[in-house]
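The next block holds one structure in the form of structure tokens; read it before the comments.
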Amino acid sequence: MKQYRVGVVGCTGMVGQRFMTLLENHPWFNVTALAASPRSAGKTYEEAVGGRWAMTTPMPEAMKNMIVLDASDVQAVASQVDFIFCAVDMPKAEIRALEEAYAKAECPVVSNNSAHRGTPDVPMIIPELNWQHEEIIESQRKRLGTKRGFVAVKSNCSLQSYVPALFPLDEFGVKEALVCTYQAISGAGKTFERWPEMVDNVIPYIGGEEEKSEQEPLKIWGKIENGEIVPATSPAFTAQCLRVPVTNGHFAAVFVRFENKPTKEQIIEKWNNFSGRPQELELPSAPKQFLKYFEEDNMPQTKLHRDLEGGMTVSLGRLREDSQYDYKFVGLSHNTLRGAAGGAVLLAELLCADNYI
């Protein structure tokens, strides 16, 4: 497979650090540029991160002495890479402008940020589900006036714990879904050391999360029409999102109503046999089994199952009929792997394999 030079813009934060660990030994991607805010620029990566390294594995040796560039110096970064991963922590309007500047500099952007998720010609892809949305890139390039450059994004991290379970059931007409998500503190870029008030605590509010949880799935279900992705009008989602005292792993309790109610056996069969383009292409980060259903009543569990297949498998369990909806079940995904950096790396692999990068 071809080798690619890769940059990580926003390399010092929690998701940026996760990118470092995933790219350290990646078979296709070689990190050739790191970039962050002006206060980190000019320092080595080790100096820039300081005591904030939050991963359980050590900082990759090869990256410790790389000099961090200023993320706003687009040409300097773009000249050293074939594409970038973006995980910056800035106001949305500034992120949109920065990502578009990289795209216009003919540097493709695979973004972990939410800023461009609502842009009609920016694909928001969960690679196993809606990989066909990559086709919108040609329309985006026309708008930007680019040959190579574009922006592609991954969806919100909490979606990964329930949307992948509902999407394969589309033939039964998924009508309505009520979702409660129980989200790890790493989703806020925090550890217990840096957020002691989360110990032995639940906070029933995560800014902007419920709106994303209800609206973003409709773009994933959407169709390409006249050069943009038109969001679907159904399923109808309602969500409540809570922060819970867990390091990694977003959990979801899901209640679902169908147009044509399937049997429990039909649902489990769909889940266990479901795969998508990443499995077909055998991409390096693709799990062999994307959805894994557990028969035991007390499974899946965050601590036991968030790291399945490198944190890229979505775990499901407790499927049973409900007194008000048709069925209820639980889902679990690793929020900084499948939900963030891992999902972005898999998306980049897909875009490379399909010749968009």
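This is a predicted model, so every value here is computed, not measured. Below, each value reflects all heavy atoms present in this structure, side chains not excepted, and no hydrogens, waters or symmetry copies.
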Is it true that the NZ or CZ of Lys175 lies under 6.0 Å from the centre of Tyr325's six-membered ring and within 45 degrees of the ring axis?
no

Atom pair NZ/CD of Lys264 and Glu321 - distance to nearest 0.5 Å:
9.0 Å

Output the distance between atom CG (Asn226) and atom CG (Asp121), rounded to the nearest 0.5 Å.
12.5 Å

Would you say that more than 12 heavy atoms from the other residues, nucleotides or ligands in this model lie under 6.0 Å from the CD of Gln324, or not?
no

Determine, for Lys270 against Glu171, whether the closest basic-nitrogen to carboxylate-oxygen distance falls under 4.0 angstrom.
yes

At what distance, to the nearest 0.5 angstrom, does CG of Leu291 lie from OG1 of Thr313?
8.5 Å

Side-chain contact, heavy-atom cut-off 4.5 Å: Cys86 with Tyr102?
no

Once you measure the plane-to-plane angle for Phe83 and Tyr4, does it fall in the parallel (<30°), tilted (30-60°) or perpendicular (>60°) bin?
perpendicular

Going through the checks in order, is the salt bridge (Lys or Arg N to Asp or Glu O under 4.0 Å) test met by Glu100 and Arg143?
CA-CA 11 Å; Glu100 207 154 281; Arg143 173 175 67 85; 3.5 Å; yes

Does the side chain of Asn248 come within less than 4.5 Å of Asp307's, by heavy atoms?
no

Looking at side-chain heavy atoms only, is the closest gap between Glu209 and Asn156 below 4.5 Å?
yes

When rounded to the nearest 0.5 angstrom, what is the spacing between CZ in Arg338 and CG in Leu159?
12.5 Å

Quick one: do Asn335 and Gln183 satisfy side chain to side chain donor-acceptor pair (under 3.5 Å)? Show the steps, please.
CA-CA 8 Å; Asn335 55 297; Gln183 301 186 204; over 6 Å; no

Picking from Phe251, Tyr162, Trp271, what satisfies ring pair (Phe, Tyr, Trp, His ring centres under 6.0 Å) with Phe329?
Trp271

Return all side-chain donor-acceptor pairs below 3.5 angstrom for residues 9-28, not counting sequence neighbours, or 'none' if the list is empty.
from, atom 1, to, atom 2, distance (Å)
Gln17, OE1, Ala54, N, 2.6
Gln17, NE2, Thr12, O, 3.0
Gln17, NE2, Arg52, O, 2.9
Arg18, NE, Thr336, OG1, 3.0
Arg18, NH2, Thr336, OG1, 3.2
Thr21, OG1, Arg18, O, 2.8
His26, ND1, Trp28, N, 2.9
His26, ND1, Phe29, N, 3.1
His26, NE2, Glu349, OE2, 2.6

Just do the side-chain contact (heavy atoms from CB on, under 4.5 Å) check on Thr119 and Val153 with the steps written out, would you?
CA-CA 10 Å; Thr119 307; Val153 299; over 6 Å; no

Hey, which of Lys212, Lys219, Arg117, Gln160 is the one that makes side chain to side chain donor-acceptor pair (under 3.5 Å) with Ser155?
Gln160

How about CD on Glu197, more than 12 heavy atoms from neighbouring residues, nucleotides or ligands closer than 6.0 Å, or not?
yes

Using a strict cut-off of less than 4.0 Å between a Lys/Arg side-chain nitrogen and an Asp/Glu carboxylate oxygen, indicate whether Asp326 and Arg257 qualify as a salt bridge.
no

